Amino acid sequence: MNKRKIYPILVLILVVAVYGYEHFLKTEEATIIISEGKKTKENTNEFFLPTSTTGQIVHHKGYSLSYSEPHEQAEWVAYELKKSQLSNTNFDRPYFEIDKAVKTGAADWKNYKNSGFDRGHLCPAGDRRYSKEAHDETFLTSNISPQEHNFNAGIWNNLEQKVRYWASKYDGVFVVTGGVLKGNMETIGYERVAVPNQFYKVLIDTNSGKTKMIAFLMPHENSNKPLYEFVVSVDTIETLTGIDFFPELDDALENKLEASNSYKDWSF
DNA sequence: CTGGTGCGC
DNA sequence: GCGCACCAG
């Protein structure tokens with residue numbers, strides 16, 4: 001067979017392969033979204049999603065996220081922690097996997113190897129112990145951020161445990177968490193995963209009477225201070241990150257709750 | 001609980 | 001790559 005005959009065939013194979021791969025990616029993503037079931041505005045998982053500053057929102061069964069490709073991590077991860085989901089089941093920790101649902105390519109876990117930083121969960125594995133599937137799903141690289149071990153196992157861990165306490169006490173809470181991806185940041189690994197200088201967590205409770213919010217902003221370092229010392233208004237975090245946290249909420253209520261840095265409604 | 005490294009197969 | 005032992009805050 002001469003070159004004139006073989007080139008069109010090679011081109012055809014290439015086109016089919018690329019199309020097939022794209023189709024595979026879209027099919028996989030669609031499956032993930034459909035697998036969450038019908039979403040309505042009454043479903044808090046959708047209702048309380050923040051805005052994305054990056055244009056790439058990914059839905060998993062147990063949480064949703066907005067991925068920032070330049071920083072190789074999520075700008076936020078959001079999920080509802082229901083009281084009924086609290087569990088002490090001990091699943092083995094699986095290996096981290098690159099999140100294939102991130103179209104631009106989620107970070108490789110190898111970036112973290114020997115970096116000196118923890119692979120810090122944003123949606124904690126401890127919040128998804130109600131099934132092995134949900135637990136394993138938190139071990140996607142789109143759900144982690146580089147964290148100092150003393151911070152992750154220290155005050156950040158304390159805050160995560162407090163969230164579980166509140167989920168129990170207030171019959172569930174909706175959680176949004178992430179690193180502040182602004183300013184000069186150290187990077188790790190060949191993909192230059194950014195190391196945030198601050199981390200935040202925003203909570204809303206709509207299940208125990210009147211709607212209430214609380215937000216935390218923590219420097220990326222361990223601390224022995226009490227958790228309430230890190231409470232700020234939601235507005236403060238919105239200004240820092242450019243994220244609008246509860247856009248679907250009634251405007252008057254949203255404005256009032258997000259301006260407050262009071263923690264009187266939350267039991268420490 | 002939150003994580004890590006090293007070793008053998 | 002996977003399972004397992006062992007370590008740290």
Side-chain angles (χ1 to χ4, degrees), chain A residues 62-63 65 72-74 76-79 81-100 105-170 172-173 175-180 185-191 193-203 216-230 266-268:
Chain A
Y63 59 94
L65 64 99
E72 286 293 4
Q73 64 197 279
W76 54 254
V77 168
Y79 60 98
L81 178 56
K82 298 177 184 176
K83 183 174 184 177
S84 63
Q85 292 172 332
L86 294 170
S87 164
N88 290 321
T89 312
N90 266 317
F91 297 108
D92 288 341
R93 291 171 67 91
Y95 288 90
F96 281 93
E97 287 181 15
I98 297 172
D99 185 353
K100 291 189 178 68
D108 188 335
W109 60 268
K110 291 185 183 70
N111 289 294
Y112 289 74
K113 193 168 187 181
N114 297 318
S115 69
F117 288 91
D118 278 12
R119 303 160 174 100
H121 280 80
L122 294 174
C123 175
D127 285 4
R128 306 282 88 154
R129 287 206 148 83
Y130 53 88
S131 77
K132 176 163 171 46
E133 182 186 24
H135 176 259
D136 286 1
E137 193 183 51
T138 68
F139 286 76
L140 293 171
T141 56
S142 54
N143 184 43
I144 58 174
S145 183
Q147 291 183 329
E148 288 182 10
H149 183 67
N150 288 347
F151 173 77
N152 188 26
I155 194 161
W156 189 250
N157 185 23
N158 292 345
L159 178 55
E160 290 177 336
Q161 293 188 40
K162 189 67 75 178
V163 170
R164 288 191 274 274
Y165 164 73
W166 283 327
S168 172
K169 187 178 180 68
Y170 304 133
V173 288
V175 187
V176 185
T177 191
V180 176
M185 287 177 279
E186 182 183 351
T187 63
I188 58 169
Y190 70 94
E191 290 178 308
V193 180
V195 181
N197 296 307
Q198 295 165 291
F199 286 90
Y200 69 85
K201 204 176 277 286
V202 179
L203 309 177
F216 295 84
L217 181 66
M218 292 184 167
H220 188 180
E221 62 188 17
N222 195 21
S223 171
N224 292 319
K225 289 181 189 171
L227 287 174
Y228 54 76
E229 297 269 337
F230 298 95
W266 296 79
S267 168
F268 283 81

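Every chain is numbered from 1 and lettered A, B, ... according to where its sequence line falls, protein lines coming before strand lines. This structure is a prediction, so every number in the text was calculated from the model and none was measured.
Extent of DNA chain B lying under 4.0 Å from chain A heavy atoms, first and last nucleotide in 5' to 3' order, is dC1(B) to dT5(B).
Contacts of T141(A) classified as side chain to side chain donor-acceptor pair (under 3.5 Å), with partners at least two apart in sequence or in another chain: none. A153(A) meets the side chain to side chain contact (heavy atoms under 4.5 Å, CB included) test with H149(A); sequence neighbours excluded. Residues forming a side chain to side chain contact (heavy atoms under 4.5 Å, CB included) with Q198(A) (at least two apart in sequence, or on another chain): V180(A), L217(A), L240(A). Partners of R129(A) under the salt bridge (Lys or Arg N to Asp or Glu O under 4.0 Å) rule, at least two apart in sequence or in another chain, do not exist in this structure. The side chain to side chain donor-acceptor pair (under 3.5 Å) check on D127(A) picks up Y79(A), R164(A), with sequence neighbours excluded. Legend: residues meeting salt bridge (Lys or Arg N to Asp or Glu O under 4.0 Å) with D136(A), ordered by chain and number and at least two apart, are K132(A). Partners of E191(A) by side chain to side chain donor-acceptor pair (under 3.5 Å), not counting sequence neighbours, listed by chain and number: N111(A). Remark: F199(A) engages F151(A), W156(A), H220(A) in a ring-ring contact (aromatic ring centres under 6.0 Å, His included) (not counting sequence neighbours). Evaluation of the side chain to side chain contact (heavy atoms under 4.5 Å, CB included) rule for K169(A) yields Y165(A), S267(A) as partners, not counting sequence neighbours.
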Candidate pair Y63(A) and H121(A), rule ring-ring contact (aromatic ring centres under 6.0 Å, His included), full reasoning: CA-CA 12 Å; Y63(A) 59 94; H121(A) 280 80; 9.3 Å; no

Nucleotide-resolved protein contact map, nucleotides 2-9 of chain C, B/S/- at heavy-atom distance under 4.0 Å: BB----BB

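Using a 4.0 Å cutoff on non-hydrogen atoms, the parts of residues 110-134 of chain A near DNA chain B are N114(A), D118(A), R119(A), G120(A), H121(A), G126(A), R129(A), ordered by number.
When heavy atoms are screened at a 4.0 angstrom cut-off, N90(A) is found touching the sugar-phosphate backbone but no base atom.
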